Amino acid sequence: MAHQLAYLAAVDGKRPVSKKDRAADLFAHARRLTLAAVAFLLATLAASISHAQSSAFAGLAGSWSGGGTVMLDDGSSERIRCRAVYRVSGPNMDMSLTCASDAYKFNLAANVVDRGGVVSGSWSESSRNVSGSLEGRGGGGNFQVVASAAGFNANISLHTVGNKQTVTMRADSQFRGANISLTK
């Protein structure tokens, strides 16, 4: 009889199932489900830890270079070459941006803190001995800030995607603005 069951099972393409085989299959299935659940839990935990450790400035960290144009109050514009360095530590960022043309140069430095999408800090421009405060909003590579000092205001927009960054500045002084494209 056992031989007939084995033959019938072989014909149907199935092996005979005993209680022992069924228990082993259930155990193997439960083990696979448990391993899948643990893997999913670990992946979710790793993603949340990674997200918690990243900051609004994480994509900016490093050295950037490129060029653009600077607009002056007399209506003239000049091509400029620029270098930027961003040092990011959690919600804090130190930035330096140096741009120069044949006749114009500026050295901008800033210390900025992110508090849930609200950014604030201080800035200075060393070649003109001017400093002030920064306030704005941003995250995810996009920032809109206002740099202020006595008799000076500038709107600064920074947009970063991957290793490309654009910086747009508009001011109400001798320096009217700049359009800068940088790569990492």
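What you see is a predicted model; the values in this text were computed from it and never measured.
- Contact of the Phe143 side chain with the Thr160 side chain is not registered, since no non-hydrogen atoms from C-beta on lie closer than 4.5 Å.
- Here the side chains of Ser120 and Leu134 are not in contact, with every heavy-atom distance at 4.5 Å or above.
- A distance of 8.5 Å separates CG in Asn107 from OG in Ser96, rounded to the nearest 0.5 Å.
- Taking 4.5 Å as the limit, every side-chain heavy atom of Ser122 sits out of range of all side-chain heavy atoms of Ser133.
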side-chain hydrogen bond (donor to acceptor under 3.5 Å, both in side chains) assessment of Glu78 paired with Ser76: CA-CA 7 Å; Glu78 294 185 30; Ser76 66; 5.2 Å; no
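- In this structure, Ser157 and Gln144 approach most closely via the heavy-atom pair OG-NE2, 2.9 Å.
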side-chain hydrogen bond (donor to acceptor under 3.5 Å, both in side chains) assessment of Asn179 paired with Arg170: CA-CA 9 Å; Asn179 294 317; Arg170 297 291 175 255; 3.0 Å; yes
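- Put simply, the side chain of Gln165 reaches to within 4.5 Å of the side chain of Leu60, judged on heavy atoms.
- Within the 4.5 Å cutoff, side-chain heavy atoms of Thr98 are placed close to those of Lys105.
- To the nearest 0.5 Å, atom CG of residue Leu158 and atom OG1 of residue Thr166 are 7.0 Å apart.
- His159 NE2 to Thr168 OG1: the interatomic distance, rounded to the nearest 0.5 Å, is 10.0 Å.
- Within the 4.5 Å cutoff, the side chain of Trp123 has heavy atoms near those of the Val130 side chain.
- Cluster membership for Phe106 and Phe152, using ILVMFWY side-chain heavy atoms within less than 4.5 angstrom, is shared.
- Nearest heavy-atom pair across Val119 and Asp114 is CG1-OD1, 4.0 Å.
- Within the 4.5 Å cutoff, no side-chain heavy atoms of Arg79 are placed close to those of Asp102.
- Among all heavy-atom pairs drawn from Ser63 and Val85, the shortest one is OG-CG2, 3.9 Å.
- For the pair Ile180 and Met169, the minimum side-chain heavy-atom distance is below 4.5 Å.
- Residue Ala149 comes nearest to Gly132 through the heavy atom pair CB-CA, 4.2 Å, listed as atom of the first residue, atom of the second, then distance.
- Heavy-atom minimum distance, Val146 versus Ser148: CG1-OG, 3.7 Å.
- Atom OG of Ser126 sits about 9.0 Å away from atom CG of Leu108, to the nearest 0.5 Å.
- Closest approach of Asn163 and Trp64 over heavy atoms only: O-CZ3, 3.3 Å.
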